[in-house]
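Worksheet: the structure to be examined is printed underneath.
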Amino acid sequence: VDAKRMARNRIVSYERTDSAHLAFDMMRTKVLRDAQATGWHSLGITSPTASCGKTTIALNLALSLARQEDLRIVLMDLDLRRPRLARILGNNPDFTTQDLLSARCSIEGFFTRIGSNLAIGASPESMPHPAELLHNKLTSQCLQRLQRALRADIVIYDLPPMLVSDDCAGFLPNVDRVMLVAAAEASTIAEIDVCERELSEQEKLLGVVLN
């Protein structure tokens, strides 16, 4: 991992020289407290619309969680119309998320490891119509096998925005909790209300992050 590239992309949890990393450490503590209290293992991170910063927050949180050496953390890019993890990391994987979910590559071939306990699945290419793949029962089964194979304590999914398409809505049954990221001076109260209401009705909402 290129530390300078991480800093340029606001990944403050990598080197922890920026005091902003403390916000993610506090977020980590709240996430772990809820996970341990209720026994969940998968967290989706979404937003009302695009460009709210959910991928940046997902990667910072994953790195902060991985500082706990007794935890095994997985971060996977499922925003298949606009995948950003590979670009942030400067990674050029051989396989895409759709290759993994369609059983065209192995788990080992898809994931990249950072340190000893963080696996990242970053897709280098966008997919124009991913809803059918994300909503497929075989995708759900693949992700269950993935969690068992990697022995993950927490799997974080960088999900599509909720109000742009039905990509996220159809995938929500596969996650235990969801964190909603709202962008300051961009996300409207009405947008946040709609998303909060839907997630609360499904008993998925972990919290709202104002970015």
Side-chain angles (χ1 to χ4, degrees), residues 1-15 41-47 50-51 53-67 69 71-161 164-165 167-168 170-171 174-175 181:
V1 177
D2 183 344
K4 290 183 179 179
R5 185 185 187 94
M6 298 287 261
R8 284 198 305 272
N9 285 296
R10 302 190 179 102
I11 309 303
V12 295
S13 294
Y14 183 65
E15 286 203 304
H41 295 282
S42 60
L43 172 65
I45 298 184
T46 186
S47 56
S51 302
K54 62 182 176 56
T55 303
T56 303
I57 285 174
L59 182 52
N60 271 301
L61 176 59
L63 287 164
S64 182
L65 285 165
R67 296 279 178 184
E69 294 181 358
L71 294 176
R72 293 171 69 88
I73 307 299
V74 173
L75 172 60
M76 188 170 174
D77 197 341
L78 289 185
D79 189 355
L80 301 184
R81 295 177 195 262
R82 299 178 75 249
R84 293 190 53 80
L85 267 179
R87 189 184 309 172
I88 289 175
L89 292 166
N91 190 17
N92 188 25
D94 295 326
F95 299 102
T96 64
T97 301
Q98 47 267 42
D99 287 332
L100 178 73
L101 298 181
S102 303
R104 293 196 293 265
C105 71
S106 66
I107 292 173
E108 294 83 0
F110 177 66
F111 280 90
T112 300
R113 186 162 57 91
I114 295 181
S116 62
N117 61 337
L118 173 59
I120 294 184
S123 190
E125 298 175 8
S126 61
M127 184 179 180
H129 306 291
E132 290 78 11
L133 177 64
L134 291 173
H135 302 177
N136 197 309
K137 287 183 179 179
L138 294 177
T139 292
S140 178
Q141 294 168 7
C142 174
L143 295 175
Q144 291 171 19
R145 289 196 301 272
L146 168 76
Q147 185 164 340
R148 290 194 300 268
L150 295 179
R151 293 182 284 122
D153 294 293
I154 294 179
V155 180
I156 300 173
Y157 297 114
D158 180 8
L159 297 179
V164 174
S165 67
D167 296 357
C168 183
F171 186 80
N174 296 300
V175 296
V181 177

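All figures in this text were calculated on a predicted structure; none of them were measured in a lab.
- Leu65 is listed as a side-chain neighbour of Ile156, based on a closest heavy-atom distance under 4.5 Å.
- Contact of the Asn91 side chain with the Ile120 side chain is not registered, since no non-hydrogen atoms from C-beta on lie closer than 4.5 Å.
- For the pair Tyr157 and Ser42, the tightest heavy-atom approach, listed with the atom from each and the gap, is CE1-CB, 4.1 Å.
- A heavy-atom distance below 4.5 Å is not found between the side chains of Leu143 and Val155.
- Note: Asn117 CG to Asp153 CG = 9.0 Å, rounded to the nearest 0.5 Å.
- Proximity of Gln98 to Ser123: side-chain heavy atoms (C-beta onward) are separated by under 4.5 Å at one or more points.
- The minimum heavy-atom distance linking Glu132 with His129 is given by the pair OE1-O, 3.4 Å.
- Within the model, atoms CD of Gln141 and CG of Asn136 stand 8.5 Å from one another, a figure rounded to the nearest 0.5 Å.
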Item to check | Full working for side chain to side chain contact (heavy atoms under 4.5 Å, CB included) between Leu150 and Ile107 | outcome: CA-CA 9 Å; Leu150 295 179; Ile107 292 173; 3.9 Å; yes
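- Contact detail for Pro93 and Ala122: the closest heavy-atom pair is CG-O, 3.1 Å.
- The environment of CZ in Arg67 is crowded: more than 12 heavy-atom neighbours from other residues, nucleotides or ligands sit within 6.0 Å.
- For the pair Thr139 (side chain) and Leu133 (backbone), a donor-acceptor distance under 3.5 Å is present.
- Here the straight-line distance linking atom CD of Gln144 with atom CG of Asn174 works out to 7.5 Å at 0.5 Å rounding.
- The OG atom of Ser13 sits 8.0 Å away from the CG atom of Leu59 when rounded to the nearest 0.5 Å.
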Item to check | Audit row: Phe110, Thr97, side chain to side chain contact (heavy atoms under 4.5 Å, CB included) steps and yes/no | outcome: CA-CA 8 Å; Phe110 177 66; Thr97 301; 3.6 Å; yes
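- Using a 4.0 Å cut-off between charged side-chain N and carboxylate O, Asp79 and Lys54 make a salt bridge.
- Distance check: Leu101 CG to Ser140 OG gives 10.5 Å after rounding to the nearest 0.5 Å.
- Here the shortest heavy-atom pairing between Cys168 and Pro160 reads CB-O, 3.5 Å.
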Checklist entry - How far apart are the C-alpha atoms of Val1 and Ile11, what are their side-chain angles, what is the distance that settles it, and do they pass the side chain to side chain contact (heavy atoms under 4.5 Å, CB included) test? => result CA-CA 11 Å; Val1 177; Ile11 309 303; over 6 Å; no
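- With Met76 as the fixed residue, the side-chain contact (heavy atoms from CB on, under 4.5 Å) test singles out one of Asp158, Leu159, Leu146: Leu146.
- Looking at Asp77, its side chain does come within 3.5 Å of a backbone N or O of Arg84 through a donor-acceptor pair.
- Counting only heavy atoms from C-beta outward, the side chains of Pro83 and Thr96 never approach each other to under 4.5 Å.
- Here the closest non-hydrogen pair linking Ala66 and Leu118 is CB-CB, 3.9 Å.
- Closest approach of Ser126 and Arg81 over heavy atoms only: CB-O, 3.3 Å.
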Item to check | Steps toward side chain to side chain contact (heavy atoms under 4.5 Å, CB included) verdict (Thr46, Val181) | outcome: CA-CA 6 Å; Thr46 186; Val181 177; over 6 Å; no
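- Here Leu100 contributes atom CG and Ser102 contributes atom OG; the two are 8.5 Å apart, rounded to the nearest 0.5 Å.
- Two residues are said to be in side-chain contact when any heavy atoms from C-beta on lie closer than 4.5 Å; Asp167 and Leu80 fail this criterion.
- Within the 4.5 Å cutoff, no side-chain heavy atoms of Thr112 are placed close to those of Leu89.
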